[in-house]
Protein chains: 2
Amino acid sequence: MRLSLNKAVMGNCIINDNKTAIFNAFLKTKWLKLTWELEKILQKIMEMDEHFLPEDLIQYFEQAGNERISRATVYRTLKLLEEASIINSFHINDDFKKYERIKAHHDHMICNECGKIIEFYDERLERIQKEICDEYGFKADSHIMNITGKCIDCRNKR
Amino acid sequence: MRLSLNKAVMGNCIINDNKTAIFNAFLKTKWLKLTWELEKILQKIMEMDEHFLPEDLIQYFEQAGNERISRATVYRTLKLLEEASIINSFHINDDFKKYERIKAHHDHMICNECGKIIEFYDERLERIQKEICDEYGFKADSHIMNITGKCIDCRNKR
DNA sequence: AGCCTTATTGAGACTGAGTCTCAATATAAA
DNA sequence: TTTATATTGAGACTCAGTCTCAATAAGGCT
Ligand SMILES: [Mn+2]
Ligand SMILES: [Mn+2]
Ligand SMILES: [Zn+2]
Ligand SMILES: [Zn+2]
């Protein structure tokens, strides 16, 4: 199914949805075009669980009743959204790449018993990281910090 | 090629090589057997670059002139060595899983221009992580912290 | 040293996440 | 509306990693 980006759709997204406007601005800088598919994918990401797999989106857009978008387009769009700093990706252990919407920067604790992901942010950690980078003359542009172990709930079970 | 684990080989490895002894002890706890292949793989890892890919080992053991060990065995052995805490794995960005020998714990800065990996260790970082985990009642058993950006050499080129 | 149970090996088939191709189609700027 | 350029989807493809299974090796026991 191919729909055109008519005024009604534009009215929903470009005017009212901040994220779509940001994404469109990003696309313009690279002479890329905003399509109906990109909008739908971004919209779906916004209503989904914060941490998701590409496969989650692919399945959604394969389900009868939902708009159909191909796996190729889903992957292409995820790359663009990451470049546009709207989403973020990271690996948990051996598994696949996971994505999350970018809100404020945070790090992760991952329970290897129940799989729960706890987000935290600590100013001291960030400051010290900055100091260490300065010592090495390293200009950081991002970092990932994942702590794995056992969450409080799983520890209490027993 | 299949060789038996004769006394000469044992003499080289089990008696003299601390790591092989440790690995063997680990294997015993799981009723697994120490084979000539496992020894060769561990030995090769010890003489290789500190950060390596499974594919590096596979290629080595496929080269004419070297002992032949299958890709299945390489992958199986890497898993065992990781379980035995002799090696460690982590992801850099989108890429594959990388392994490294475990020495002392350290974190990584990764230059996304030249690919260089800088290792560092900072007591303050570790202490604060511990404090944060305590706050959440989270029992950490490991963490990965990778900072990506531009190293000093790449910054000076220009 | 030899027996015997159990674990390991390698060839190659297989899986599945992610990429690529290309003709048909949509976008956006003029 | 026209036109140049970007995007899409179907499905082939890649390739890291896993699995299968018959042949073989390890090592505990006597
Ligand atoms: Mn998160
Ligand atoms: Mn390292
Ligand atoms: Zn848990
Ligand atoms: Zn560099």
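What you see below is based on every heavy atom in this structure, not just the backbone, and it leaves out hydrogens, waters and symmetry mates. Proteins come first, then strands; the chains are lettered A, B, ... in the order of their sequence lines, and each starts at number 1. Values in this document were obtained by computation on a predicted structure and should not be read as measured data.
- Whole-Å rounding puts the B:Glu67 CD to D:dA25 C1' distance at 17 Å.
- Judged by the 6.0 Å distance and 45° axis criteria, A:Lys44 is positioned over the aromatic ring of A:Tyr60.
- Atom NZ of A:Lys139 has 12 or fewer heavy atoms from other residues, nucleotides or ligands within 6.0 Å.
- For B:Leu34, counting side-chain heavy atoms from C-beta on, the closest listed nucleotide (D:dG27, D:dT7, D:dT18) is D:dG27.
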Are any protein N/O atoms closer than 3.5 Å to N/O atoms in nucleotides 4-6 of chain D? If there are, list each pair with its distance.
residue, atom, partner, partner atom, Å
D:dT5, O2, A:Lys33, NZ, 2.4
D:dA6, O4', A:Lys33, NZ, 3.3

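- Side chain of A:Ser70, nearest nucleotide from D:dC19, D:dG9, C:dA17: D:dG9.
- Residues B:Asp153 and B:Lys157 are not paired through a salt bridge, judged by the lack of any N-O separation under 4.0 Å between the basic side chain and the carboxylate.
- Between the P atom of D:dA25 and the CZ atom of B:Arg76 lies a distance of 15 Å, rounded to the nearest Å.
- For A:Leu78 and C:dA17, the CG to P distance is 14 Å, given to the nearest whole Å.
- Of the possible donor and acceptor atoms, one in the side chain of B:Asn146 sits under 3.5 Å from a partner among the backbone N and O of B:His91.
- Taking 4.0 angstrom as the limit, A:Lys79 places none of its side-chain polar atoms (N or O) nearer than this to OP1 or OP2 of C:dG18.
- Between A:Tyr75 and C:dT19 there is no side-chain N or O to OP1 or OP2 distance below 4.0 Å.
- Rounded to an integer number of Å, the gap from CG of A:Leu38 to C1' of C:dA26 is 12 Å.
- Nearest nucleotide to the A:Ala72 side chain, out of C:dG18, D:dG17, D:dG9: D:dG9.
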B:Phe23 and B:Leu27: side-chain contact (heavy atoms from CB on, under 4.5 Å), yes or no, with the steps? CA-CA 6 Å; B:Phe23 190 34; B:Leu27 292 172; 4.0 Å; yes
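- D:dG27 atom P lies 7 Å from atom CG of B:Asn24, rounded to whole Å.
- With a 4.5 Å cut-off on side-chain heavy atoms, B:Ile69 and B:Thr77 do not count as touching.
- A residue-by-residue look at B:Glu55 and A:Leu80 shows that A:Leu80 has its nearest nucleotide of DNA chain D further toward the 5' end.
- For the residue pair A:Thr73/A:Glu37, the side-chain donor-acceptor check at 3.5 Å is not satisfied.
- Checked against D:dG9, C:dT9, C:dT19, the side chain of A:Arg71 finds its nearest nucleotide in C:dT19.
- One atom, CD of A:Glu62, and another, P of D:dG11, lie 12 Å apart when rounded to the nearest Å.
- Helix-axis bend for the helix from C:dA1-D:dT30 to C:dA30-D:dT1: the local axis fitted to the five terminal pairs at one end deviates from that at the other end by 50°, rounded to 10°.
- For D:dT8, one of the phosphate oxygens OP1 or OP2 lies less than 4.0 angstrom from a side-chain nitrogen or oxygen of A:Thr35.
- Enclosure of atom NZ in A:Lys116 by more than 12 non-hydrogen atoms of other residues, nucleotides or ligands within 6.0 angstrom is indicated.
- Computed from coordinates, the A:Glu39 CD to C:dT27 P distance equals 10 Å when rounded to whole Å.
- Of the possible donor and acceptor atoms, none in the side chain of A:His108 sits under 3.5 Å from a partner among the backbone N and O of A:His106.
- Considering only side-chain N and O atoms, A:Thr73 lies nowhere under 4.0 angstrom from the phosphate OP1 or OP2 of D:dT7.
- Distance, A:Leu42 CG to D:dT7 C1': 17 Å, rounded to whole Å.
- Residues B:Lys150 and A:Asp141 have side chains not in contact (no heavy-atom distance under 4.5 Å, counting atoms from C-beta outward).
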